[in-house]
Amino acid sequence: MATLMNLEIANLLRNIAAAYQILDENRFRIMAYERAGDSIEHATREMKDIWEDEKLSEVPGVGKTLAQHLDELFRTGRVKHFESVMKRVPEAVFPLLGVPGMGPKKAYKLVKALHLNRKDSAIDDLEKAAREHTIAPIEGFGEKSEHAILEGISAYRRGQIKGQRMSLPEADRIAREVIAHMKKNPDAEKIDTLGSLRRQVATIGDIDIAVATTNAQGVIEHFLRFPHKKIIEQGPSGASVILTNGRQVDVRVQEPRAYGAMLQYFTGSKHHNIALREYALGRGKSLSEHGVKDVKTGVVEQFRTEQEFYEELGLQYIAPELREDRGEIEAGLRKGLPKLVGFADIKGDLHVHTSYDLHPSHDLGVNTLEECLDKAAALGYEYIGISDHNPSVSNQSKEKIIDIMKRRKEYYEQKYYSWKERVKKRVHLFIMCEADVLTDGTIALPEKAFDFVDAVIASIHSAFRQERKTMTKRVLSGLGSHPKVCVFGHPTGRLLPTREGIELDWEEIFAFCKNRKIALEINAYPSRLDLPDTLVYDAVKAGLPCIINTDAHSVRQMDLLPYGVSVARRGWCTKRDIANTMEYNKFKDWLLRH
DNA sequence: GCCGTTTTCGGCCCGACTGTTTTCAGTCG
């Protein structure tokens with residue numbers, strides 16, 4: 001029987017919630033299913049594993065009833081109660097829910113009125129009906145909604161709305177352009193990013209920008225002069241447009257004296273805000289983007305800054321990266337929030353590829369050692385680690401590989417000393433290697449080749465789909481293959497937005513790494529951001545060090561390290577949790593400890 | 001259906017915008 005993954009379970013629960021909505025079930029029961037769905041989608045472990053550990057009801061939003069239903073799901077592959085609920089709703093409703101603007105109620109009305117009874121073609125059938133103008137006459141619909149449905153279907157087809165999210169650098173670039181445009185308006189007193197971009201989530205859906213102004217209308221009109229393809233929404237408090245590149249940008253405006261609450265509200269996350277509002281309600285306060293309302297008196301207090309807003313609630317200021325409802329409110333209440341690591345704390349980058357050709361298994365870098373050293377000096381680093389890929393094992397003998405590694409070390413040492421003489425800068429060099437952990441768990445570097453490196457990053461670059469037990473054994477074998485293996489490189493191997501990470505027993509990996517003092521890499525490359533923030537959180541809680549590297553294949557990519565810092569911050573890391581915040585002597589002792 | 005600093009019963013986040021309506025339902029974030 002195929003096991004359902006978390007996302008599929010989440011969607012199943014959301015479909016039940018939608019069915020309940022159509023059936024006019026108790027709205028709190030509906031909310032409960034939606035919340036459980038969200039919670040499961042964002043869980044760090046597979047529900048299947050949690051079920052095996054008999055800890056389902058420890059998952060937030062999963063109580064006794066849902067735990068029982070999920071138990072039935074994992075035991076038998078189906079849930080009778082879910083099936084009986086779904087049976088009461090035409091099945092053609094469910095595919096329509098993927099269309100933007102289409103919720104359960106509208107979908108149900110359309111399915112009934114248009115007699116859509118085939119699930120597989122529901123969206124095609126709906127599109128046909130819209131084109132034939134049979135939707136507008138239906139009660140509750142009209143010309144505009146018929147048109148909106150066609151637009152929604154077309155967006156759904158492009159996968160634009162719920163599909164392709166942006167990388168952080170792309171989102172940053174668009175945000176910078178919009179902010180530069182907004183700055184030209186003298187009425188824009190303050191401008192900030194909002195939403196997932198401000199929280200530095202790994203992928204970004206759309207760009208949200210906040211503006212503090214006393215001239216809302218003027219600022220919104222100014223924003224609408226930014227080149228765009230289409231206006232989606234426009235009101236007194238903001239506007240949304242689609243740019244020519246298909247990306248959506250929202251601008252929200254607020255008076256400077258109430259700007260703090262607005263910034264807080266639209267930064268989210270949704271889950272943080274819900275938790276915060278529940279917490280506030282317990283203290284007789286109701287929160288909105290306008291401020292904090294006293295429930296008894298109805299008086300709304302305004303705030304210029306977020307700091308004042310959180311202070312009013314008796315909380316420490318919560319950094320945007322922490323606002324994911326992972327315990328930050330409780331921590332803020334007992335003044336126990338971590339002092340987060342920052343880019344200024346980083347003393348070196350240990351995963352840089354050069355153009356030195358050692359006939360590697362994967363891509364060479366494009367810059368020379370000297371260019372990388374220059375860049376490290378420009379970034380103010382104390383040290384750099386050159387971690388080229390190991391020589392390819394498939395077409396070279398062990399002896400050849402050992403010889404290549406020996407000559408590489410000699411070459412780098414000679415170049416390094418002459419560089420140091422010439423530029424009079426103090427950047428220390430570690431000669432490292434990024435070695436593949438092969439399918440059978442051996443490391444792609446002969447024992448003797450380890451003599452010619454200071455340390456090794458072990459990474460998975462092949463056979464990503466091995467099953468969990470096999471993969472865990474493979475990784476443990478690779479990490480344990482030599483004492484000089486000090487870093488587990490881009491541990492999940494995920495590639496955003498498409499390739500899923502490998503399956504591992506993380507508890508086992510964490511325990512092993514802790515024991516061997518192996519650091520987990522936070523790979524800052526924007527399509528990796530790996531370890532992902534949620535696992536960083538778990539790793540740090542388990543007492544492991546992380547190390548933030550760029551995996552740069554060119555000196556320009558060495559600039560991307562701050563994205564790794566963002567991941568660390570989202571994982572609640574302080575300076576102490578990150579190995580490469582150590583000053584050179586301490587770091588050297590840690591890296592060369594074997 | 002979940003959950004606990006006021007609760008194992010009785011609460012449960014908040015508002016904007018749109019389109020179709022004459023006062024509101026649905027959807028979204």
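Here the structure is a predicted model, which is why all the values come from computation and not from measurement. All heavy atoms count here, side chains included; hydrogens, waters and symmetry mates do not.
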**Message:** Rounding to an integer number of Å, can you tell me how far Gln254(A) CD sits from dG15(B) P?
**Reply:** 13 Å
**Nucleotide dT5(B), atom P - distance to CZ of Arg334(A) in whole Å** = 14 Å
**Request:** Might you confirm whether atom CD of Glu83(A) has over 12 heavy atoms from other residues, nucleotides or ligands at distances under 6.0 Å?
**Result:** yes
**Touch class at under 4.0 angstrom, heavy-atom based, for Gly268(A) against every strand present** = nothing
**Message:** Strictly below 4.0 Å, N to O, side chains only: are Arg304(A) and Glu308(A) in salt-bridge contact?
**Reply:** no
**Prompt:** Could you give the CZ-to-P distance, from Arg165(A) to dG29(B), as a whole number of Å?
**Reply:** 11 Å
**Request:** By nearest nucleotide on DNA chain B, pick out whichever of Pro104(A) and Val59(A) is the more 5' one.
**Result:** Val59(A)
**Prompt:** What are the two closest non-hydrogen atoms of Val219(A) and Ala188(A), and how far apart are they?
**Reply:** CG2-N, 4.3 Å
**Item:** Nearest-angstrom distance, C1' atom, dT8(B) to dC3(B)
**Value:** 9 Å
**Item:** From OG1 (Thr305(A)) to CD (Glu311(A)), nearest 0.5 Å
**Value:** 8.0 Å
**Complete:** Expected list for residues 284-296 of chain A near DNA chain B, using heavy atoms below 4.0 Å, is Ser286(A), Leu287(A), Ser288(A), Glu289(A), His290(A)
**Prompt:** Got a salt bridge between Glu46(A) and Arg468(A), using NZ or NE/NH1/NH2 to carboxylate O under 4.0 Å?
**Reply:** no
**Prompt:** Considering only the C1' atoms, how many Å lie between dT27(B) and dT20(B), rounded to the nearest integer?
**Reply:** 14 Å
**Message:** Suppose you measure atom C1' in dC17(B) against the same atom in dT23(B); what distance do you get, rounded to whole Å?
**Reply:** 16 Å
**Asked** Looking across every strand, which nucleic acid part, if any, lies under 4.0 Å from His81(A) by heavy atom: base, sugar-phosphate, or nothing?
**Response** sugar-phosphate
**Separation of the C1' atoms in dG26(B) and dT21(B), to the nearest angstrom** = 13 Å
**Message:** Expressed as a whole number of angstroms, how long is the span from Lys270(A):NZ to dC28(B):P?
**Reply:** 10 Å
**Item:** First encountered from the 5' end of DNA chain B, between Lys109(A) and Tyr20(A)
**Value:** Tyr20(A)
**Message:** Using every non-hydrogen atom in the two residues, find where Tyr156(A) and Val99(A) come nearest and quote the distance to one decimal.
**Reply:** CD1-N, 4.1 Å
**Message:** Roughly how many Å apart are dC2(B) and dT7(B), using the C1' atom of each and rounding to a whole number?
**Reply:** 14 Å
**Request:** May I ask you to decide whether Asp172(A) forms a salt bridge with Arg176(A), counting only side-chain N to carboxylate O separations under 4.0 Å?
**Result:** no
**Request:** Report the base-pairing partner of dC12(B) (Watson-Crick or G-U wobble, both distances below 3.5 angstrom), or none.
**Result:** dG1(B)
**Request:** Describe the nucleic acid contact of Tyr265(A) in one word from base, sugar-phosphate, nothing, applying a heavy-atom distance below 4.0 Å.
**Result:** base
**Request:** Answer yes when Glu306(A) and Arg198(A) have at least one side-chain N-carboxylate O distance shorter than 4.0 Å, and no when they do not.
**Result:** yes
**Request:** Would you please say whether a donor-acceptor pair under 3.5 Å links the side chains of Ser154(A) and Glu151(A)?
**Result:** no
**Item:** Whole-Å C1' distance, dA16(B) and dG11(B)
**Value:** 26 Å
**Complete:** Taken to the nearest whole Å, CG/Asp38(A) to C1'/dC28(B) is 13 Å
**Message:** Is the ring pair Tyr20(A)/Tyr33(A) parallel, tilted or perpendicular, if the boundaries are 30 and 60 degrees?
**Reply:** perpendicular
**Prompt:** Ile329(A) has an atom CD1; how far is it from atom P of dG4(B), in whole Å?
**Reply:** 13 Å
**Prompt:** Once you round it to whole Å, what is the distance between C1' of dG4(B) and CD of Glu330(A)?
**Reply:** 13 Å
**Request:** Measure the distance from CD on Gln248(A) to C1' on dC28(B) and round it to the nearest whole Å.
**Result:** 11 Å
N/O contacts under 3.5 Å, protein versus nucleotides 17-23 of chain B?
unit_1  : atom_1 : unit_2    : atom_2 : d
dC17(B) : OP1    : Ser237(A) : N      : 3.4
dC17(B) : OP1    : Ser237(A) : OG     : 2.9
dT18(B) : OP1    : Gln234(A) : N      : 3.0
dT18(B) : OP1    : Gln234(A) : O      : 3.4
dT18(B) : OP2    : Gln234(A) : O      : 3.4
dT20(B) : OP1    : Gly142(A) : N      : 2.7
dT20(B) : OP1    : Gly142(A) : O      : 3.3
dT20(B) : OP1    : Ser145(A) : N      : 3.2
dT20(B) : OP1    : Ser145(A) : OG     : 2.7

